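Worksheet: one structure, shown below.
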Amino acid sequence: MSGTVTVLYFAALRERVGRSREVVSLDGVMTVGAMLMSRRDNDAVLDAVFSGPGTVRVAVNKILADFEAPLHDGDEVAFFPPMTGG
Amino acid sequence: MSGTVTVLYFAALRERVGRSREVVSLDGVMTVGAMLMSRRDNDAVLDAVFSGPGTVRVAVNKILADFEAPLHDGDEVAFFPPMTGG
Amino acid sequence: MAGLHSEAEASLRVLVQESPFDVGTEMACLLAGSIHIGGLGSFLGVVRGGNGLVALSLEHYPGMSEQMLTKLASEAIRRFALCGCTIIHRFGRLLVGEPVVLVLAAAPHRADALDATRFLIDRLKTGAPFWKSEEFSDGRCRWIESRVEDEEAAAGW
Amino acid sequence: MAGLHSEAEASLRVLVQESPFDVGTEMACLLAGSIHIGGLGSFLGVVRGGNGLVALSLEHYPGMSEQMLTKLASEAIRRFALCGCTIIHRFGRLLVGEPVVLVLAAAPHRADALDATRFLIDRLKTGAPFWKSEEFSDGRCRWIESRVEDEEAAAGW
């Protein structure tokens with residue numbers, strides 16, 4: 001899959017990653033999980049954060065998804081901890 | 001038991017009895033039930049109302065009671081239908 | 001968490017009145033009473049229209065109504081971990097859409113606030129000396145009968 | 001009575017904002033929408049003090065938060081016989097005692113109004129992209145972890 005996706009991080013995950021947003025080239029990867037794996041291989045901080053304890057939730061285009069979700073050019077992928085609203 | 005009690009009627013019961021309040025001489029009666037029986041013997045309207053269908057609730061001195069409750073000079077006795085607040 | 005706040009610590013406000021009340025003011029008043037409040041549950045009962053209903057007329061037993069509502073509020077404070085609660089019940093002639101009753105329950109946690117709100121309104125329906133008469137557009141008036149479901153809801157607590 | 005009002009008929013209002021809201025205005029707005037309302041349930045969540053807490057900072061996912069709250073409100077209208085409901089959720093830095101979230105549910109009958117109120121706040125706690133960080137008087141900040149009880153309450157519906 002060619003093209004790019006925008007990746008967002010929220011809350012504790014945003015703080016640990018050290019940024020709230022980045023644009024990532026898809027480089028042939030097909031899913032959220034594959035994209036994240038490829039990013040972790042190239043970014044030690046990201047790898048450490050995602051190896052750490054705590055559940056990570058994913059949304060694609062503002063809809064809750066999972067790591068098997070397919071990605072397309074222009075998608076917005078968000079990673080965040082369990083939600084604590086109210 | 002000598003003395004008097006004030007008798008109050010509320011809501012549908014008040015309308016059927018035709019008054020909201022009366023002072024009743026105790027004339028030796030000891031309980032709410034006995035007082036009411038004596039009143040019904042002397043008042044055809046009251047007798048008809050209390051023979052009619054529908055539950056009647058009683059309070060003595062603004063506290064829910066029953067027909068066995070004792071009466072004393074100066075007590076306030078209230079008769080009313082089941083409560084429908086809220 | 002029940003029993004966290006004794007009756008003496010928790011605030012309790014009961015009003016029986018003909019005039020309207022202001023929900024925002026009542027909430028602010030209750031919230032000002034404690035920094036430990038995390039949730040405020042409320043129920044507002046209003047005159048429901050339909051079937052030609054024009055107004056409700058509410059009669060009450062002055063003195064006894066305040067006393068029964070105060071007892072009810074005290075019981076809520078005993079049963080739930082509340083910081084305070086408020087009950088305001090109106091009487092007189094109220095038009096469709098007008099507020100009749102307000103129940104507020106404030107607590108550190110939402111479950112207590114919401115449980116207490118429901119307890120208060122369920123018990124109040126059959127446990128305080130108020131009676132409602134319906135007035136219709138054709139001039140008919142009719143006393144509302146007590147409902148079995150209301151008796152059951154009150155007894156369920 | 002579920003399904004009495006279709007989604008099209010029932011009013012639905014969702015706001016995500018930094019600024020305060022006025023509960024009285026919101027209630028009046030909802031009540032004005034239908035003469036069939038007999039009961040209005042509400043829950044107001046406020047920043048609970050204690051243990052040196054000074055403020056909560058709420059972060060949200062703009063766009064997704066509104067979308068999830070709107071979905072939630074629609075589900076409440078599908079599940080309960082409502083005339084309408086309102087959800088307002090604030091974000092940003094909020095001091096102890098400040099309102100965070102407001103849920104309103106209006107229905108012909110009180111059981112639907114109160115059930116829907118509880119459903120909305122239970123689901124909202126874990127089902128909308130908001131995250132809370134606690135700020136203490138000694139300067140410490142700490143992200144609030146999701147609570148098992150909240151997950152269970154949400155799953156119970």
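Everything quoted here is computed from the prediction, not taken from an experiment. Here is how names work: the chains are called A, B, and so on, in the same order as the sequence lines, proteins then strands, and each is numbered from 1.
In this structure, the side chains of B:I63 and C:M64 stay at 4.5 Å or more apart for every pair of heavy atoms.
Counting heavy atoms of neighbouring residues, nucleotides and ligands inside a 6.0 Å radius, atom CD of C:E151 exceeds 12 of them. Within 6.0 Å of CZ in B:R21 there are 12 or fewer heavy atoms belonging to other residues, nucleotides or ligands. Heavy-atom neighbours of C:N51 CG from other residues, nucleotides or ligands within 6.0 Å: at or below the threshold of 12.
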Practice problem: Go through the steps for C:R147 and B:T84 under the test side-chain contact (heavy atoms from CB on, under 4.5 Å), then give the verdict. | Solution: CA-CA 8 Å; C:R147 302 175 347 128; B:T84 57; over 6 Å; no

Exercise. Test side-chain contact (heavy atoms from CB on, under 4.5 Å) on B:F10 and C:H60 and set out the steps.
Key: CA-CA 8 Å; B:F10 288 97; C:H60 77 119; over 6 Å; no

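Checking side-chain atoms of C:Q67 against main-chain N and O of B:K62 turns up a donor-acceptor pair under 3.5 Å. Listed for the C:K125 side chain is no donor-acceptor partner under 3.5 Å among the backbone atoms of B:M83. Formation of a donor-acceptor pair under 3.5 Å by the C:W131 side chain with backbone atoms of B:P81 is found in this model.
A distance of 8.0 Å separates CD of B:E15 from SG of C:C141, quoted to the nearest 0.5 Å.
Most heavy-atom pairs under 4.5 Å with chain B: of the set C:F43, C:Y61, C:F130, this distinction falls to C:Y61. Contacts with chain C were tallied for B:G86, B:G54, B:P82; B:G86 has the most, counting heavy-atom pairs under 4.5 Å.
Heavy-atom distances place the backbone of C:E145, and not its side chain, under 4.5 Å from chain B. Looking at B:L8, only its side chain comes within 4.5 Å of chain C, counting heavy atoms on both sides.
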